[in-house]
Structures are given as C-alpha cells and as structure tokens.
Amino acid sequence: HDLYIKQLTKAIGELTKKYNTNVLLVPMHMDESDSDLAHLVRDHSARPEAVRVLDKDSLSPSELRSVIARAKAMIGFRLHSNIIGISAGVPSVNIYYVDKGRVFFDQINQSRFAMPIEAVLETDFIDKLLTTFDDLYTQRTEVNQEITQDAECRHSRAEAKSFSLIPRHVWPACTMKVLSAGHHNWL
C-alpha cells in the first residue's frame, strides 16, 4: 500500500511539473475508499496546490462526463472512468486491475495505452507511465480521432445489426474498414 501511494504521488508530481498543469482526481467509488485514496495522494504530492479532488457525489452522469470531457488527456484506474473519458473523446491511459479493462482497450484499438495495475509496484513504473502518457499526449489529436471514429463505427454497426434483414454488403463503410483491419470479432 505504501509503495502504491508513493508511486502515484510521484507520478502526479512528475506530470504536474512536466506539463505545468493541474490534476483533477475523480474518485469513481466513494464507498470503496477511492476518495480517501485521492486525498492521500493529493496531500503527499510534490505540488498539492496543483491537485484537486472531485469528492462530492453530487454530479449527474452527464455533468461528470462534461467535467471529464474538458481534459486534454487522462489516466484512468477504473473501467468506468475510462469508458466515460473515451466516450467523451478524451485520450486515456488505462491502468487496469481486472481483465475487462484490458479487453476494453483492445476492443477500441488503444491497447498501447494500457497497463496492468501491478505495473504501479514495479521500479520502472514512473518511466513507463511517463513514456506512455507522453506518447498519448503528443498524439492526442490523432488518438481523439481514432476513438471518435471507432465510436461512430460501433454505433453504425449496432444500428445495422438491429435490422437483421439488411445484408452485410449494405452495412456502413466503417464496418468494411474494420473487417479489412482484421477485427472480425467486432461484428
């Protein structure tokens, strides 16, 4: 637990310094001590004045999505935070603790920005995270376009699938792009 806190604190310090930015910590499960952890990390960070904790569970889902949508990029530890960010077009680094977090990033072709939670405890975590975040941040426009286009394709395929009488050759063009990219399992 102490090493985990130390690594997160150091990562936030490095990110706030390198990008000269503020960090918003958004606990997703108030009743599972996410808020306590966020406050602990903030209080021990090198620049606590640059770290805010959104710890009031008073926002509606659309308001929370609106807050997250203002970010240039994010790092998510909970699957639903990543889903919200991605759905708002925010490029994200996913530090997953269950396999469905990895699978989600595989499905949206963003696996290069995912790592298991166990990586936090490794000695080279800060370097790995900063390198991954740097890649994401410098490519954020392209990544945003990728995730937005992917969402549009998924929506189109879902609409097309709901009309079972429509032959496959009539499905939207993005379906064919996905097929040609070798992602047959999405259909």
Contact between [X] and [Y] at the side-chain level, heavy atoms closer than 4.5 Å - yes or no?
X	Y	answer
V120	K6	no
L54	L64	yes
F113	Q139	yes

As an exercise, state the distance from [atom1] of [X] to [atom2] of [Y], rounded to the nearest 0.5 Å.
X	Y	atom1	atom2	answer
Q7	T123	CD	OG1	8.0 Å
N109	Q149	CG	CD	10.0 Å
L136	K72	CG	NZ	13.0 Å

Would one find more than 12 heavy atoms of other residues, nucleotides or ligands at under 6.0 Å from atom NE2 of H29?
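Result for NE2/H29: enclosed.
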
Kindly check if the number of other-residue, nucleotide or ligand heavy atoms within 6.0 Å of NE2 (H39) is above 12?
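Yes - once you tally the heavy atoms of other residues, nucleotides and ligands closer than 6.0 Å, there are more than 12.
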
If you apply the rule side-chain contact (heavy atoms from CB on, under 4.5 Å), what do you find for N94 with Q110, and how did you get there?
CA-CA 9 Å; N94 175 12; Q110 298 297 309; over 6 Å; no

Please set out all donor-acceptor pairs under 3.5 angstrom arising from side-chain atoms of residues 124-132, sequence neighbours excluded.
from	atom 1	to	atom 2	distance (Å)
K128	NZ	E122	OE1	2.9
T131	OG1	D127	O	2.8
T132	OG1	K128	O	2.8

Under the salt bridge (Lys or Arg N to Asp or Glu O under 4.0 Å) test, residues paired with E118 that sit two or more places apart
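Expected list: none.
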
hydrophobic_cluster_shared for [Y] and [X], side chain cutoff 4.5 Å:
X	Y	value
M115	F105	yes
L37	I95	yes
I117	V103	no
F77	L121	yes
M28	V51	no

Ignoring hydrogens and angles, write down the donor-acceptor pairs under 3.5 Å from the side chains of residues 86-93, residues two or more places apart or on other chains.
from	atom 1	to	atom 2	distance (Å)
S87	OG	R65	NE	3.1
S87	OG	I83	O	3.2
S87	OG	I84	O	2.9
S92	OG	N82	OD1	2.5

Could you check whether R78 and Y96, counting side-chain N and O atoms only, form a donor-acceptor pair closer than 3.5 Å?
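Per modelled atom types, Y96 and R78 side chains form no pair under 3.5 Å.
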
Quick check: does any side chain N or O of T148 sit under 3.5 Å from a backbone N or O of Q145, one acting as donor and the other as acceptor?
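No; judged by distance alone, with no hydrogens or angles, the pair does not exist.
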
Backbone of E63 reached by a side-chain donor or acceptor of S60 within 3.5 Å:
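Yes; at least one donor-acceptor contact below 3.5 Å.
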
Filter on salt bridge (Lys or Arg N to Asp or Glu O under 4.0 Å), then keep only pairs touching residues 80-99, sequence neighbours left out; what's left?
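Salt bridge (Lys or Arg N to Asp or Glu O under 4.0 Å) check on residues 80-99 returns D99-R102.
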
Could you list the donor-acceptor pairs under 3.5 angstrom formed by side chains in residues 8-17, with sequence neighbours left out?
from	atom 1	to	atom 2	distance (Å)
T9	OG1	I5	O	2.7
T16	OG1	I12	O	3.1
T16	OG1	G13	O	3.0

Listing, residues 18-27 side-chain donor-acceptor contacts under 3.5 Å, not counting sequence neighbours, or none:
from	atom 1	to	atom 2	distance (Å)
K18	NZ	D134	OD1	3.2
K18	NZ	D134	OD2	2.7
Y19	OH	D134	OD1	2.2

